[in-house]
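Since we're looking at a predicted model, the values are computed, not measured. One-based numbering along the sequence shown.
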Amino acid sequence: DWLTAGEGLSVLTQERLQHFLWYGLPMKWLTGTEHRRQVADALGRAFDLLGLPRYAAVCRSQTTAQVLDAYERSDAEGKRAFLKADAASGIRPPDIDELEWGSVMGMVESDALSSTAELLELAVAGGDLVPGARGWKQRQADLVGAHLTTARIELGGRTWLDAIADERLDTWLSTHRSPTRRRVLEPLAATVRRPAELPAGVEDPVPRLRWFLGELAEGQPLTQTDNLSRAFVQAAAPRFGWDFANPPRTEDELYDLHQLRHLTQRLGLARRSGRKLALTPKGRAAVGDTELLRRTAAQGLLSDHQFAAALGEITLALLIDREMHDDELDATLTDVVAEVGWRATDTGLPPDERDISWAWHQTTNLLRALDVLSTGGGWQDRSYALTPAGRAVALECLHRRATGPRSSPWG
């Protein structure tokens, strides 16, 4: 019943069996390890009687014994053993270039995952895929890619990739149940469903970020307080429009440089190595690949802070096709906040004007640091507009938010 939910053996798959033995049994059944082994052994005998020797073998395998033993030591160790064994079995669909599976899935994506796992199970059983053999992971990825991009009758001629993108897009639009938010995002739905393209004439969308990464090629010295050196900061100041009489003393004073530095570390493009800030292998690859660098920069446009990210994506959507003023952004985002009903986790109070302004400025400040945002007006009435390159980066960011993998119900 646990494996089939009363639907009979026709729904039984190796994916379900492995999830039960290596996760459900040790995590959901409140019993000891010895009893879990007895359950696995009894299940194996049942499969023998049902004429399902492959499934019986999984129940009695050394892998199952090792995973159950790992849970006896700790849940965390057991879960690691489960994930390792699941991947090594060959039937767990891997991420491919066209799709990264989400840790939180809708019904369509979940069905696609199960369908793909069934395909891989048949490939392993038939010898078309041999886990552990040379080149097996590439063969596995090829099988997954072909399966997900084949038109399917049950999906009305769409592919699994199409159906997953549609489901993710619809979920994105309906997240938070805010009419104002949906009104802002819905006109962009067809555009952000596809990856953004660079406009004609824009060859390098984030030259300031590329410049900074280039400066880290041999490593940049860091001070005892973990700042970039004063000499480097002062040499970089003209590039960031510094127009004060005295040069900046620290990177904190040259705030756009400070943001770029922390963006590169947040995205894994640079890291501290001894007393220097140096490129990672990911950073070196991005320097030489314009498209990779644009996608990576787009990924970092929104804060890791959930509230700031939610308001940041609406800010990007508002700036896609028009110039916006401070008061317009504040008014629209205040409506969204009221409709969603956000509350601070520590006080239970709703966000005030300062909280809202802080949240959307997390995104506009970073756009300015990347030099893809133009500003006008004074401090009391500032306007914002994306450059052509900024629009492409913003659209790529929204594309990922709309159709990328989900790690929580809120994106």
For a salt bridge (Lys or Arg N to Asp or Glu O under 4.0 Å) with Arg181, tell me which candidate from Glu186, Glu313, Glu339 qualifies.
-> Glu313
So CD of Gln220 and CZ of Phe212: to nearest 0.5 Å the spacing works out to 7.5 Å
When rounded to the nearest 0.5 angstrom, what distance separates CG in Leu188 from CG in Asp321?
-> 6.5 Å
Cut-off 3.5 Å, side chains only: do Asp330 and Trp360 have a donor facing an acceptor?
-> yes
Roughly how far, to the nearest 0.5 Å, is CD of Glu251 from CG of Leu228?
-> 4.5 Å
Any salt bridge between Arg406 and Glu167, counting N to O under 4.0 Å?
-> no
Close side-chain approach of Glu353 and Thr334, heavy atoms under 4.5 Å | no
Value rounded to 0.5 Å, distance of CG in Leu185 from OG1 in Thr180 | 10.5 Å
Should the heavy atoms of other residues, nucleotides or ligands under 6.0 Å from NZ of Lys84 be counted, would the total exceed 12?
-> no
Are Gln140 and Arg92 close enough that some pair of their side-chain heavy atoms sits under 4.5 Å apart?
-> no
Atom CD in Gln66, atom CD in Gln62: separation rounded to 0.5 Å?
-> 4.5 Å
Return the minimal non-hydrogen interatomic distance between Leu319 and Tyr384, and the atom names on each side.
-> CD2-O, 3.5 Å
Check the side chains of Thr159 and Asp162 for a donor-acceptor pair under 3.5 angstrom, ignoring hydrogens and angles.
-> yes
Distance-only polar pair, side chains of Ser114 and Glu15, donor-acceptor under 3.5 Å | yes
Any donor-acceptor pair under 3.5 Å linking the side chain of Arg139 with the backbone of Leu129?
-> no
Just by modelled atom types, is the Ala285 backbone N or O under 3.5 Å from a matching donor or acceptor in the Asp289 side chain?
-> no
In terms of side-chain geometry, is the basic nitrogen of Glu328 or Arg322 positioned less than 4.0 Å from the acidic oxygen of its partner?
-> yes
Counting heavy atoms not belonging to Arg54, are there more than 12 under 6.0 Å from its CZ?
-> yes
Electrostatic pair Arg168-Glu109, nearest N-O below 4.0 angstrom = yes
Can Thr225 and Thr223 be counted as having a side-chain donor-acceptor contact under 3.5 angstrom?
-> yes
Note: Ser273 and Ala278 closest approach over all heavy atoms is CB-CB, 4.4 Å
May I have the step-by-step check of side chain to side chain contact (heavy atoms under 4.5 Å, CB included) for Phe20 and Leu43, ending in yes or no?
-> CA-CA 11 Å; Phe20 169 74; Leu43 186 57; 3.8 Å; yes
At their closest point, which heavy atom of Ala151 faces which heavy atom of Gly157, and how far apart are they?
-> CB-O, 3.3 Å
Take atom CD of Glu154 as the centre, draw a 6.0 Å sphere, and report whether it contains more than 12 heavy atoms from other residues, nucleotides or ligands.
-> yes
Atom CZ of Arg266 with >12 non-hydrogen neighbours under 6.0 angstrom = yes
Do Gln18 and Ser89 get their side chains close enough for a donor-acceptor pair, meaning under 3.5 Å?
-> yes
NZ/NE/NH1/NH2 to OD/OE distance under 4.0 Å, Asp252 and Arg261 = no
